[in-house]
Protein chains: 2
Amino acid sequence: MTVENLVVDIDSLDGPLGHRVYSVLRNGILDLTFHPGMILRKGALCEQLGVSRSPVAEALGKLSSEGLVDIIPQSATRVSQLSLSELREESFLREAVEVAAVAKVAADRNDDQLTRLSRNLRLQALLAEDRDYQGFFEADVDFHSLIMEFTGYPKVAAAAGQLSLQLRRARILLLPKEGRPEETVQEHQAILDAIRAQDQQAARAAMSAHLGQLITRLTPLEQQHPTYFRPS
Amino acid sequence: MTVENLVVDIDSLDGPLGHRVYSVLRNGILDLTFHPGMILRKGALCEQLGVSRSPVAEALGKLSSEGLVDIIPQSATRVSQLSLSELREESFLREAVEVAAVAKVAADRNDDQLTRLSRNLRLQALLAEDRDYQGFFEADVDFHSLIMEFTGYPKVAAAAGQLSLQLRRARILLLPKEGRPEETVQEHQAILDAIRAQDQQAARAAMSAHLGQLITRLTPLEQQHPTYFRPS
DNA sequence: CTCCTTCAACTGGCATGTTAGTTGACAGGT
DNA sequence: ACCTGTCAACTAACATGCCAGTTGAAGGAG
């Protein structure tokens, strides 16, 4: 395992050094370049990133408070492992926030918002047809972000993302065999229809049903990637 | 302004020094000992707490990522100010989570949980009668914490607290003139009744109505404490 | 009197030396 | 062969020195 590729990134960003290190590590953890359970050696990170221990320590501290790394006092720092119970909690929280968001958007939506959602949905259909799973994944994320953005509460999307960091890592694991983009598009379509009809109840129900799919598909992962999960 | 009183606290806690400093500062900010907008001088904090700059910097970094302090690079660190728009966002998020929680609890509740909620509610009635606003405030917080605890998701209560840190500070401002504990008790009673009846819709509605009260009572604060609010 | 320039003092950010605690392996005894 | 006590190497945590950017006040020009 090497992180030589990250050395390039480090000075292509701006802002305080500590924050750049934080971003690099965070991205690496979220896209599983640093896999769950991996031990992070401060000394090695300093050397490979070409910075001193202060910004690295600061970055690891923030990641720890986000739950992305576990710091064992005086001993070691490791990328936090996944756990089904934690994924279920995050799923619950994410559903709570997104259901509330879609209800508000259904009540307040304007034509421009409908247009942007509709455009994103057509893009999803195209990507699904082309079997471009990576692109589809991003369009999917965008769809949900758009809805939260349309609440008029700028921090809501960020908060929802913060609440479901583990979920985001777990989703990467089932990316290759996505396999059900068509169903996803239909579920998204149902959500958009409810928003267009300004039917709050239907919007809640559609979003809830859609998000409920994820946790069932996540359950088998614990067997498929046992080393990525916290021993229970 | 002095923080001499905190010097006693610092070694009465345990764990890493950085985390102790973090706790002390966090508590001070949340109970408005450090009022919104106040400038925090790293050097002064180090001297008064009797520690070096490393743990203080670490603590301020975490507080910054929580939004409790604003760090102006190369210049100053200040306790973050309140803003009505931010309070509205947090109110929205808090309502989303607590409404989802109460619906789940209404579905799953057992007798022991009903007993504990009922006991807390009787305590609230007593404290309201005695005009013990401080005690009532704590019982109120406990009531909501109990519901979130009963979801079976241990992190939900913590997440909800994390999402509404500004809200928590703002509530302190209207503590002295609480004035409506009786209405609050009745709203709590309605929530408990819905939980007992396992009526999810009623539970959602009761919780939503209850939490909706807060933001209207918060609105006048911007005039009453202009220095605590971000200039808009 | 007002505005601009300059400079000194202060701040946060970073690097690095030092300390204390944990861990795992090795050696010695059972 | 196995258990146990000891020790060496490693880690995170802390202290401190240094630097660069910001700010605000003082002084000079208009």
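Labels below follow one simple rule: chain letters A, B, ... track the order of the sequence lines, proteins then strands, and each chain is numbered from 1. Note that the coordinates shown come from a computational prediction; the quantities given were computed from them, not determined experimentally.
In this structure B/R26 satisfies the salt bridge (charged side-chain N to carboxylate O under 4.0 Å, His left out) test together with B/E66, sequence neighbours excluded. In this structure, the side chain to side chain donor-acceptor pair (under 3.5 Å) partners of B/D108, at least two apart in sequence or on a different chain, are B/K104. By the side chain to side chain contact (heavy atoms under 4.5 Å, CB included) test, A/A59 is found to be paired with A/V21, A/Y22, A/L25, residues two or more places apart in sequence or in another chain being considered. With sequence neighbours excluded, the residues satisfying side chain to side chain donor-acceptor pair (under 3.5 Å) with B/E138 are B/Q134. Not counting sequence neighbours, B/Q113 has no partner by the side chain to side chain donor-acceptor pair (under 3.5 Å) test.
Each of A/R53 and B/L60 lies near DNA chain C, and the nucleotide nearest B/L60 is the one positioned closer to the 5' end. Positionally, the nearest nucleotide of DNA chain C for B/G43 lies more toward the 5' end than for the other of B/G43 and A/P55.
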Ignoring hydrogens and angles, write down the donor-acceptor pairs under 3.5 Å from the side chains of residues 148-156 of chain B, residues two or more places apart or on other chains.
from: B/T151; atom 1: OG1; to: B/M148; atom 2: O; distance (Å): 2.6
from: B/T151; atom 1: OG1; to: B/Y153; atom 2: N; distance (Å): 3.1

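Chain B approaches DNA chain C over the interval C/dT11 to C/dG13, counting the first and last nucleotide 5' to 3' with an atom under 4.0 Å from its heavy atoms. Here chain A contacts DNA chain D (any atom closer than 4.0 Å to a heavy atom, that is under 4.0 Å), and the contacts span D/dT11 to D/dA13 from 5' to 3'.
Listed by first and then second residue, the ring-ring contact (aromatic ring centres under 6.0 Å, His included) pairs involving residues 38-61 of chain B amount to none (not counting sequence neighbours). Note on residues 88-103 of chain B: pairs passing side chain to side chain donor-acceptor pair (under 3.5 Å), not counting sequence neighbours, are B/R94-B/E98, B/E95-B/S208, B/E98-B/H144. For residues 49-59 of chain A, the set of pairs meeting the side chain to side chain donor-acceptor pair (under 3.5 Å) definition, not counting sequence neighbours, is empty.
When heavy atoms are screened at a 4.0 angstrom cut-off, B/I39 is found touching no nucleic acid atom at all.
Rounding to the nearest 0.5 angstrom, the gap separating the OG1 atom in B/T184 from the CZ atom in B/F143 is 11.0 Å.
Listed in residue order, the members of residues 69-79 of chain A having a heavy atom less than 4.0 Å from DNA chain D are A/I71, A/Q74, A/S75, A/A76, A/T77.
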